[in-house]
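Right, one structure below, let's go through it.
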Amino acid sequence: TGQISTCPPGVIATDFWPAVKITLFFTIVTVLLETILGMLMALIMNGEYRGRGLVRAAVLIPWAIPTAVTAKLWQFMFAPEGIVNSLLGTNIAWTTDPFYARFAVIIADVWKTAPFMALLILAGLQMVPSDIYEAAKIDGVHPLKVFWRLTLPLIRPALMVAVIFRMLDALR
């Protein structure tokens with residue numbers, strides 16, 4: 001008679017919208033954090049200094065470790081008697097409390113995939129001609145202004161590719 005019935009609690013269909021909400025929260029937070037950290041790592045890796053190759057290799061280690069190994073590593077770290085609780089001086093149930101479990105998963109995911117973002121952003125930074133930076137330096141432009149007005153617009157295509165790839169992976 002035209003009435004729309006809702007699913008009773010405990011039915012799989014009632015879990016759909018809360019799951020979508022959690023997935024979107026996870027995606028937005030992880031992609032934002034990974035983009036910021038990836039940008040910082042890419043800027044550091046793009047510099048000219050001794051040991052740059054070693055830094056690049058070290059940054060990529062978390063991304064190179066197999067996911068199953070990473071999951072086990074973080075499981076030990078977030079255990080009730082694990083290093084995270086020891087360092088924080090707390091007794092948080094990181095893997096069983098739904099509130100804290102979200103943040104534990106976000107931390108582990110950011111650690112694992114921020115190097116991927118850094119690699120893609122570094123590729124964009126490598127494409128920026130050094131003449132532009134030299135001209136800005138001669139003109140006396142502040143480094144932050146150079147970043148916001150030159151670097152960011154010039155790497156926008158690489159940054160967008162990185163964000164889209166990461167969002168698709170996070171939504172998965």
Side-chain angles (χ1 to χ4, degrees), residues 15-47 49 52 55-79 82-85 87-90 92-128 132-133 136 141-172:
D15 296 336
F16 178 76
W17 289 113
V20 168
K21 183 179 160 188
I22 291 168
T23 301
L24 290 176
F25 174 77
F26 172 81
T27 300
I28 291 166
V29 172
T30 57
V31 171
L32 181 65
L33 289 173
E34 289 161 6
T35 303
I36 292 168
L37 286 172
M39 178 67 76
L40 291 172
M41 288 188 280
L43 289 168
I44 290 168
M45 291 188 297
N46 195 42
Y49 53 88
R52 181 174 66 170
V55 169
R56 286 180 177 181
V59 165
L60 293 175
I61 289 172
W63 187 53
I65 296 173
T67 304
V69 175
T70 300
K72 202 63 174 168
L73 170 80
W74 283 101
Q75 180 187 14
F76 289 137
M77 290 175 66
F78 284 122
I83 193 167
V84 174
N85 276 336
L87 289 174
L88 298 176
T90 61
I92 297 172
W94 290 99
T95 57
T96 56
D97 183 299
F99 178 78
Y100 291 110
R102 288 182 190 132
F103 293 101
V105 170
I106 286 170
I107 291 166
D109 186 71
V110 168
W111 180 84
K112 172 84 172 139
T113 54
F116 172 73
M117 293 292 280
L119 193 61
L120 292 177
I121 296 168
L122 178 61
L125 286 171
Q126 296 284 303
M127 299 299 291
V128 177
I132 294 172
Y133 294 119
V141 181
H142 192 274
L144 283 177
K145 203 169 199 176
V146 170
F147 175 76
W148 289 106
R149 300 281 173 109
L150 291 175
T151 305
L152 210 50
L154 290 171
I155 67 165
R156 185 171 289 139
L159 189 59
M160 292 288 77
V161 167
V163 168
I164 289 168
F165 280 2
R166 199 46 215 123
M167 281 183 71
L168 291 172
D169 185 47
L171 285 169
R172 179 177 52 87

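None of these values were measured; they are calculated from a predicted model.
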Minimum-distance pair of heavy atoms, taken over all atoms of Thr70 and Pro62: OG1-O, 4.5 Å
More than 12 heavy atoms of other groups within 6.0 Å of Leu40 CG: yes
Worked verdict on Leu159 versus Leu152 for side-chain contact (heavy atoms from CB on, under 4.5 Å): CA-CA 9 Å; Leu159 189 59; Leu152 210 50; 4.1 Å; yes
Heavy atoms of other groups near Phe26 CZ, more than 12 under 6.0 Å: yes
Minimum heavy-atom distance Asn85-Ala79, with the two atoms named: ND2-O, 3.7 Å
Residue pair Phe78 / Thr96, side-chain heavy-atom distance below 4.5 Å: no
Separation of Ile65 CD1 from Lys72 NZ (nearest 0.5 Å): 15.5 Å
Polar side-chain atom of Tyr133 near backbone of Thr151 as donor-acceptor pair, under 3.5 Å: no
Aromatic plane relationship, Trp111 with Trp74 - under 30° parallel, 30 to 60° tilted, over 60° perpendicular: perpendicular
Ring pair (Phe, Tyr, Trp, His ring centres under 6.0 Å) involving Trp63 - partner list, sequence neighbours excluded: Phe116
Distance (rounded to the nearest 0.5 Å) between Ile22 CD1 and Thr27 OG1: 11.5 Å
From OG1 (Thr35) to CD1 (Ile121), nearest 0.5 Å: 6.0 Å
Met77 atom CE, over 12 foreign heavy atoms within 6.0 Å: yes
Beyond-backbone contact of Met39 with Ile155, side-chain heavy atoms, under 4.5 angstrom: yes
Heavy-atom check, side chain of Leu33 versus side chain of Ile106, under 4.5 Å: yes
4.5 Å side-chain heavy-atom contact, Lys21 and Leu24: no
Nearest heavy atoms of Leu120 and Ala158, plus distance in Å: O-CB, 4.0 Å
Arg52 side chain vs Gly47 backbone, donor-acceptor pair below 3.5 Å: yes
Shortest non-hydrogen contact between Leu60 and Pro115, atoms and distance: CD2-O, 3.8 Å
More than 12 heavy atoms of other groups within 6.0 Å of Met160 CE: yes
Any side-chain heavy-atom pair of Arg166 and Asp169 under 4.5 Å: yes
Note: Lys112-Asp109 ion pair, threshold 4.0 Å (strictly below): no
Ile92 vs Val84 side-chain heavy atoms within contact, under 4.5 Å: no
Heavy-atom pair with the smallest gap, counting every atom of Ala118 and Met41: CB-CB, 3.8 Å
